[in-house]
Protein chains: 2
Amino acid sequence: MFGYNTISIDQKHRVSIPAKYRVDFLKTNETEIVVTKDPQYPSLKLYKGSEWKIISTKLQSLQGLDPVVRNLQWTILGNASVTDFDPNGRMLILLPQELRNYAQLDNKNKISFVGMGNKFEIWNTDNWNLRQTGGTLATEILDVVLPSSIKEMSF
Amino acid sequence: MFGYNTISIDQKHRVSIPAKYRVDFLKTNETEIVVTKDPQYPSLKLYKGSEWKIISTKLQSLQGLDPVVRNLQWTILGNASVTDFDPNGRMLILLPQELRNYAQLDNKNKISFVGMGNKFEIWNTDNWNLRQTGGTLATEILDVVLPSSIKEMSF
DNA sequence: AAATGAGTTGGTCTGTAAGCCGGATTCTGT
DNA sequence: ACAGAATCCGGCTTACAGACCAACTCATTT
């Protein structure tokens with residue numbers, strides 16, 4: 001599913017996934033959704049359960065003594081938050097503190113939800129233009145240092 | 001199981017494993033958990049009993065003439081602390097002094113618990129934040145010195 | 001304008017983390 | 001060797017976060 005939406009976080013830090021995406025999830029018999037950090041930008045990534053299985057398995061299989069690899073594993077695996085779908089169709093997910101910090105979502109009540117096919121992103125609306133301009137310094141460094149085995153992977 | 005949690009150590013140096021991870025352990029019929037030093041960073045690693053069997057076997061099989069290898073064996077095997085699960089479901093593990101020292105957990109009451117799938121890590125929260133923002137020189141050096149037979153192993 | 005469906009908020013309730021307390025065991029000093 | 005002290009360990013209790021349930025409001029469509 002594609003598209004840009006503005007959705008809201010309530011005081012309990014809950015976010016409800018827009019209905020049109022939900023339909024897409026149900027079509028493919030997904031039962032869970034996973035939220036984690038985007039390693040490149042101050043934003044969050046949402047994966048369908050099935051997508052997540054692939055990605056996390058790949059990442060775990062990478063050998064862990066390389067500091068760059070470990071860093072990636074920490075960021076992506078170490079911050080993942082798995083949520084099952086609401087039985088009555090609704091889809092409310094709770095964003096953990098650490099993730100809210102990372103994506104700078106605190107003290108906000110409106111955030112950006114971006115559909116990218118299999119993957120979805122959650123942004124602080126103010127940061128969204130980072131995507132356009134090229135991101136943080138960390139991104140550039142990461143890009144240079146990253147082993148090609150990882151560069152080829154899709155997050 | 002994945003995710004980042006802040007948990008507390010009590011005055012008796014006990015740590016209780018968050019429930020969602022516990023569930024995961026029970027699902028795979030694990031009966032014990034092993035805590036040991038992380039050879040690279042001032043932090044601790046938790047393994048499921050089954051995972052630990054594999055890792056320790058691998059490590060023992062390495063020939064001990066290389067001083068780097070012996071060092072690794074000492075750090076990982078020599079400090080392992082095995083704990084059985086609480087029969088009534090609770091999962092309180094006691095962190096031995098040596099391990100607390102190593103991970104710089106004394107005089108702290110909050111620590112970081114990081115789930116990485118099969119493995120789990122325990123960090124002094126202050127150090128964890130450092131890891132996120134950058135690396136230490138020691139890590140890079142370790143990476144150069146390490147024989148490739150070890151680099152290929154995953155801890 | 002009414003009805004249906006989606007988004008949002010609020011309340012309740014359960015499971016759990018963490019503190020507390022008391023008994024046991026080890027350690028120390030005389 | 002014995003008594004007192006200090007540390008260790010298990011059970012119990014409680015405050016609170018998160019899951020669940022439900023209602024209300026807003027929007028959209030016919």
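Below, read A as the first sequence line, B as the second, and so on, with proteins coming before strands; counting in each chain starts at 1.
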Show the atom names and distances, to 0.1 Å, of all donor-acceptor pairs under 3.5 Å that link a side chain in residues 2-12 of chain A to residues at least two apart or in another chain.
| from | atom 1 | to | atom 2 | distance (Å) |
| --- | --- | --- | --- | --- |
| A:Tyr4 | OH | A:Ser112 | OG | 2.7 |
| A:Asn5 | OD1 | A:Tyr21 | OH | 2.9 |
| A:Asp10 | OD1 | A:Lys12 | N | 3.0 |
| A:Asp10 | OD1 | A:His13 | N | 3.1 |
| A:Asp10 | OD1 | A:Arg14 | N | 2.9 |
| A:Asp10 | OD2 | A:Arg14 | NE | 2.7 |
| A:Asp10 | OD2 | A:Arg14 | NH2 | 2.9 |

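In this structure, B:Phe113 atom CZ and C:dA17 atom C1' are separated by 13 Å, rounded to whole Å. For A:Tyr21 and C:dG7, the OH to P distance is 11 Å, given to the nearest whole Å. One atom, CG of B:Leu95, and another, P of D:dC8, lie 13 Å apart when rounded to the nearest Å. As rounded to whole Å, 14 Å separates atom C1' of D:dG18 from atom CG of A:Asp84. The separation between B:Ile93 atom CD1 and C:dA17 atom P is 13 Å, rounded to whole Å. A straight line from CZ of B:Arg100 to C1' of D:dC8 spans 11 Å, rounded to a whole angstrom. Between the CD1 atom of B:Ile17 and the C1' atom of C:dA17 there is a distance of 12 Å, given to the nearest Å.
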Contact list (N/O, under 3.5 angstrom) for nucleotides 8-13 of chain C vs protein:
| from | atom 1 | to | atom 2 | distance (Å) |
| --- | --- | --- | --- | --- |
| C:dT8 | OP1 | A:Ser8 | OG | 2.9 |
| C:dT8 | OP2 | A:Ser8 | OG | 3.4 |
| C:dT8 | O5' | A:Ser8 | OG | 3.2 |
| C:dT8 | O4 | A:Arg90 | NH1 | 2.8 |
| C:dG10 | N7 | A:Arg14 | NH2 | 3.4 |
| C:dG10 | O6 | A:Arg14 | NH1 | 3.1 |
| C:dG11 | N7 | A:Lys12 | NZ | 3.4 |
| C:dG11 | O6 | A:Lys12 | NZ | 2.5 |

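Checking D:dC9, C:dG7, D:dA19 against the side-chain heavy atoms of A:Leu94 singles out D:dA19 as nearest.
Note on A:Arg22: every side-chain N or O is 4.0 Å or more away from OP1 and OP2 of C:dG5.
Residue pairs that meet the salt bridge (Lys or Arg N to Asp or Glu O under 4.0 Å) test with at least one member in residues 45-59 of chain A, sequence neighbours left out, are A:Asp24-A:Lys48, A:Lys45-A:Glu121.
Annotation: salt bridge (charged side-chain N to carboxylate O under 4.0 Å, His left out) contacts of A:Glu32 (sequence neighbours excluded): none. Among residues two or more places apart in sequence or in another chain, the side chain to side chain contact (heavy atoms under 4.5 Å, CB included) test is passed with A:Asn101 by A:Gln97, A:Asp106. Scanning for salt bridge (charged side-chain N to carboxylate O under 4.0 Å, His left out) contacts around B:Asp126 gives B:Lys108, with sequence neighbours left out.
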Would you sort out whether A:Leu46 and A:Val34 count as a side-chain contact (heavy atoms from CB on, under 4.5 Å), showing the intermediate values? CA-CA 5 Å; A:Leu46 282 75; A:Val34 181; over 6 Å; no
